[in-house]
Amino acid sequence: MADESLFDFLHMEIVSHIYKEQQSSKEEMDNKDRAVCVSVLESMGFRVGQGLIERLTRDSPSFKDELDVMKFVCKDFWTKVFRRQVDNLRTNHQGTYVLQDNKFSLLTQLSNGKQYLDQAPKYLAFSCGIVRGALSNLGLDSVVTAEVSVMPSCKFQVVVQKL
């Protein structure tokens, strides 16, 4: 339980630090400044995801196909990182996957409802990077985006780039 709280607090502090650092010289942040912050957080998450997946798959056999990789991410990887499995995985069988998490752990510290929906993207950038970094190390180049309509439910869309 203590580890869970420590990770949540660390994540909140990382997000806060990145945004404060970007805003330090300005009175108010514009969309460009927010985009820089999201990019920095996503890049940090990417490197963390790469490292985590290396440790988790060290003794695992290789995966047969893209769907097997996504199932591993939804069950094993998600459980290790976010303390629960994805609630739902959908695919169009053409490289697009939607991962639904109805109680996303990094959003539970925000109030339920719609009043903080505008704050959600900054708390999801790091997580998108983690997923993208993990998939990258598993051989799947992808674009990962997140969408929140009601707290703390979150949908991650993964679009695998075909080479």
Side-chain angles (χ1 to χ4, degrees), residues 1-20 29 31 33-53 56 63 66-138 140-161:
M1 182 72 175
D3 292 344
E4 295 172 12
S5 296
L6 291 175
F7 179 70
D8 291 345
F9 288 133
L10 177 64
H11 178 260
M12 286 189 301
E13 283 301 313
I14 289 170
V15 170
S16 177
H17 174 74
I18 296 298
Y19 273 77
K20 283 180 185 172
M29 292 180 75
N31 287 340
D33 295 329
R34 283 193 259 307
V36 167
C37 293
V38 167
S39 179
V40 167
L41 288 166
E42 201 271 346
S43 296
M44 290 171 70
F46 182 84
R47 181 60 195 112
V48 169
Q50 285 181 318
L52 287 173
I53 204 70
L56 290 175
F63 301 102
E66 195 175 279
L67 186 57
D68 275 351
V69 170
M70 292 306 297
K71 286 178 182 177
F72 175 82
V73 167
C74 290
K75 291 180 183 177
D76 300 315
F77 182 74
W78 209 268
T79 301
K80 293 288 186 188
V81 177
F82 303 115
R83 302 178 296 278
R84 59 190 306 267
Q85 288 185 12
V86 168
D87 293 307
N88 194 356
L89 170 64
R90 292 191 180 135
T91 181
N92 66 358
H93 299 288
Q94 297 175 358
T96 301
Y97 300 88
V98 177
L99 291 68
Q100 174 77 36
D101 189 334
N102 295 328
K103 280 189 153 185
F104 188 62
S105 62
L106 297 179
L107 290 179
T108 55
Q109 76 269 13
L110 299 178
S111 177
N112 288 346
K114 297 187 178 197
Q115 68 264 35
Y116 294 111
L117 284 179
D118 60 329
Q119 298 295 314
K122 68 183 182 182
Y123 291 101
L124 295 171
F126 186 77
S127 304
C128 287
I130 287 176
V131 174
R132 192 172 70 84
L135 291 173
S136 175
N137 260 15
L138 294 173
L140 298 178
D141 286 329
S142 60
V143 175
V144 180
T145 55
E147 175 185 311
V148 177
S149 54
V150 177
M151 297 288 208
S153 181
C154 183
K155 287 183 184 178
F156 288 85
Q157 181 174 4
V158 177
V159 179
V160 176
Q161 307 292 305

Return a table of donor-acceptor pairs under 3.5 angstrom between the side chains of residues 88-98 and protein atoms on other chains or two or more places apart.
{"unit_1": "Thr91", "atom_1": "OG1", "unit_2": "His93", "atom_2": "N", "d": "3.0"}
{"unit_1": "Thr91", "atom_1": "OG1", "unit_2": "Thr96", "atom_2": "O", "d": "3.1"}
{"unit_1": "Asn92", "atom_1": "OD1", "unit_2": "Gln94", "atom_2": "N", "d": "2.8"}
{"unit_1": "Asn92", "atom_1": "OD1", "unit_2": "Thr96", "atom_2": "N", "d": "3.2"}
{"unit_1": "Tyr97", "atom_1": "OH", "unit_2": "Glu66", "atom_2": "OE2", "d": "2.7"}

Residues forming a ring-ring contact (aromatic ring centres under 6.0 Å, His included) with Phe72, sequence neighbours excluded: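 With sequence neighbours excluded, Phe72 shows a ring-ring contact (aromatic ring centres under 6.0 Å, His included) to Phe63, given in chain and number order.
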
Tell me the closest heavy-atom pair linking [X] and [Y], and the distance in Å.
X: Arg132; Y: Ser142; answer: CD-O, 3.3 Å
X: Val73; Y: Leu135; answer: CG2-CD2, 3.8 Å
X: Leu106; Y: Phe7; answer: CD2-CE2, 3.7 Å

Any donor-acceptor N/O pair, Ser43 side chain to Ser39 backbone, under 3.5 Å: yes

Backbone of Lys75 reached by a side-chain donor or acceptor of Thr79 within 3.5 Å: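 Pair found, side chain donor or acceptor close to backbone of Lys75.
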
Aromatic ring pairing Phe156/Trp78, orientation class (parallel under 30°, perpendicular over 60°, tilted between):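 Judged by the thresholds at 30° and 60°, the geometry between Phe156 and Trp78 is perpendicular.
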
Neighbour count above 12 (heavy atom, 6.0 Å) for Lys155 NZ: no

Pairwise distance CD1(Ile18) to CD(Glu13) - rounded to 0.5 angstrom: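 It comes to 11.5 Å.
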
Atom pair CE/OH of Met12 and Tyr123 - distance to nearest 0.5 Å: 7.5 Å

Sole candidate of Glu147, Lys103, Gln100 that passes side-chain hydrogen bond (donor to acceptor under 3.5 Å, both in side chains) when paired with Ser153: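 Among the candidates, only Gln100 passes.
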
